[in-house]
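Beneath this line is the structure, given in structure tokens, with notes to follow.
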Amino acid sequence: MLKKMNIKLLTLVATYLVVLLHTAAVPFSYFHLAWSVSVMYEALGRIAFPLFLLIAGYVSLNKNESLLSTLKTRVLDLVIPLVVWSVIYIIYNKQVNADTSPVSLLELLSTPAYPHMWFIYTMILLYLVTPLLNTFIQNGSQQRVNYTVTVWFVLASVYMLFDNVKANLLEGHAIPAPSNIDMVVYLSGFYIIGGVARRFDINPKVLISGIIFILSAVLTSVMTYSLSISTFAPNAIFLFYSAPTLVVVSLACFFMLLNAPFHYSKRAIRLIHGLSRLSLGIFFVHLMVLESLLHLLHIEFEGYSSALTIPAVALACFAISAAITWLLRQIPWVRRIT
């Protein structure tokens, strides 16, 4: 029961961190007086998507599930909202952002209508292979599963980092944007680890997880800051979702909150249950809300007060997005997309 509540709490934390990431992305994109503050929040926000994958793996990779069942319950629950919100964001982009580029239905099969929706493509592809992963995790020995995770970490994390360092820092090339298939490969390890943690009942101590989380988050921020200063431009090599230190930050945060001995009041349980059901809708709608807030309020994050304003704006965006999602869910035929 406690872990069920902690998983719902983790879902809320990951949802807020997505909003925090996109809030911090604006001041992170250029140097200014308080740029170091945005680095800290950017590094923290980057664990949002790995957390979602760890949660999804923990929930999904624990039973033998047929492909037909997966298609009905998981894939369609993402495909339908993705289609509808893609149309909404195309209209929004043209009407509000005055985008004049033509819309290609064929291109939308591989390219999201708005940047943050890349993650939904990744989740759909991972859900399509969930029956295979379920069989492997449920029937494979811990030794084989550990070997698979190790190979993923070496190739998709360590080797990928060296490859990006070589291309960007030594050869001076821009790092190409990964395709949807690339992202599945880079991020699949988190999904598998989530299932492995439940299958083999992996429970690191909360204190140790907390210490590792703080140290690795600080290390990731310092490495990003130092590299960016030395290259005279913001550089996110160490902030890619499967970069080694970010893998450690994500796993430490996941196990820290998963195993935390929280004592939930009845009111807290109702609140967490209610908000966790809104997470998908918040994810889809929050960028429109955030861009509107930044435009209407003319918010800047260039002073050290951004240590407070970045998380405060993210929290306001989260709350407004949650309210919008709740209202949309009151309409029966709209509930399916939130």
Side-chain angles (χ1 to χ4, degrees), residues 1-18 43-65 74 123 126-127 130 132-154 156-158 187-220 241-266 268-269 271-273 275-276 279:
M1 178 60 184
L2 178 61
K3 283 196 174 181
K4 272 189 177 180
M5 284 305 304
N6 286 354
I7 281 291
K8 291 185 181 297
L9 178 63
L10 269 164
T11 302
L12 283 184
V13 170
T15 306
Y16 172 74
L17 288 177
V18 169
L44 193 58
R46 288 273 174 157
I47 71 172
F49 296 115
L51 281 180
F52 274 130
L53 289 163
L54 287 161
I55 295 165
Y58 190 88
V59 172
S60 303
L61 298 178
N62 60 78
K63 55 189 174 184
N64 290 319
E65 190 174 63
R74 303 189 192 283
M123 284 304 307
L126 280 172
Y127 279 150
T130 289
L132 296 175
L133 293 175
N134 256 325
T135 301
F136 172 67
I137 290 175
Q138 295 307 311
N139 301 315
S141 65
Q142 187 167 7
Q143 185 179 28
R144 289 190 177 188
V145 172
N146 289 345
Y147 173 75
T148 302
V149 171
T150 302
V151 169
W152 167 79
F153 181 74
V154 170
S157 183
V158 178
L187 301 183
S188 59
F190 293 112
Y191 189 58
I192 294 170
I193 291 170
V196 170
R198 185 167 184 175
R199 166 71 172 82
F200 297 106
D201 197 27
I202 300 173
N203 297 301
K205 291 186 180 297
V206 174
L207 179 61
I208 294 174
S209 297
I211 292 172
I212 293 174
F213 168 69
I214 293 170
L215 293 178
S216 54
V218 170
L219 177 62
T220 302
Y241 302 107
S242 66
T245 54
L246 214 64
V247 170
V248 176
V249 180
S250 303
L251 292 177
C253 181
F254 176 73
F255 286 116
M256 176 180 69
L257 294 180
L258 178 66
N259 298 316
F262 293 126
H263 299 285
Y264 296 101
S265 66
K266 290 183 178 178
I269 290 173
L271 180 64
I272 293 171
H273 267 290
L275 286 175
S276 64
S279 61

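Values below: all heavy atoms of this structure, side chains included; hydrogens, waters and symmetry mates excluded. In this chain, residues are counted from 1 in sequence order.
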Find the distance between CG (L257) and CG (L54) and round it off to the nearest 0.5 Å.
11.5 Å

Correct closest heavy-atom pair for A48 and A14 would be CB-O, 3.5 Å

Would a 4.5 Å heavy-atom cut-off, applied to side chains only, mark F213 and I47 as touching?
yes

So how far is it from S209 OG to I214 CD1, rounded to the nearest 0.5 Å?
11.0 Å

Looking at S157 and V247, what are the two nearest heavy atoms and their distance?
OG-CG2, 3.9 Å

Shortest non-hydrogen contact from I212 to A252?
CG2-CB, 4.0 Å

S242 and F153, any side-chain heavy atoms less than 4.5 Å apart
no

Measuring from M5:CE to S276:OG, what's the distance to the nearest 0.5 Å?
7.5 Å

Output the distance between atom CG (L12) and atom CG (L271), rounded to the nearest 0.5 Å.
7.5 Å

Determine yes or no for a side-chain-to-main-chain donor-acceptor pair under 3.5 angstrom, with N6 supplying the side chain and A260 the backbone.
yes

Polar side-chain atom of S60 near backbone of G57 as donor-acceptor pair, under 3.5 Å
no

Counting neighbours of CZ on F262 that are heavy atoms of other residues, nucleotides or ligands and sit closer than 6.0 Å, is the number greater than 12?
yes

Closest non-hydrogen atom pair, Q138 against L61:
NE2-O, 3.2 Å

Any side-chain heavy-atom pair of L53 and L126 under 4.5 Å:
yes

L9 to I272 - nearest heavy-atom pair and separation:
N-CG2, 3.9 Å

May I ask you to decide if I137's main-chain N or O and R199's side chain share a donor-acceptor pair within less than 3.5 Å?
yes

To the nearest 0.5 Å, what is the distance between OG1 on T148 and CD on Q143?
10.5 Å

Quick check: do V18 and F49 have side-chain heavy atoms less than 4.5 Å from each other?
yes

Consider ring-ring contact (aromatic ring centres under 6.0 Å, His included). Of Y241, F254, W152, which one does F190 pass it with?
W152

Can you give me the closest heavy-atom contact between L51 and C253, atom names plus distance?
CD1-SG, 4.1 Å

Are any non-hydrogen side-chain atoms of N203 and K3 less than 4.5 angstrom apart?
yes

Side chains of V196 and I192 in contact at under 4.5 Å (non-hydrogen atoms):
yes

In terms of side-chain heavy atoms, does T130 have a donor or acceptor partner in Y191 at a distance below 3.5 Å?
yes

With rounding to the nearest 0.5 Å, note down the distance linking CD1 in I55 to CG in L10.
5.0 Å

Flag the pair L207 / M256 as yes when at least one side-chain heavy-atom distance between them is below 4.5 Å, and no otherwise.
no

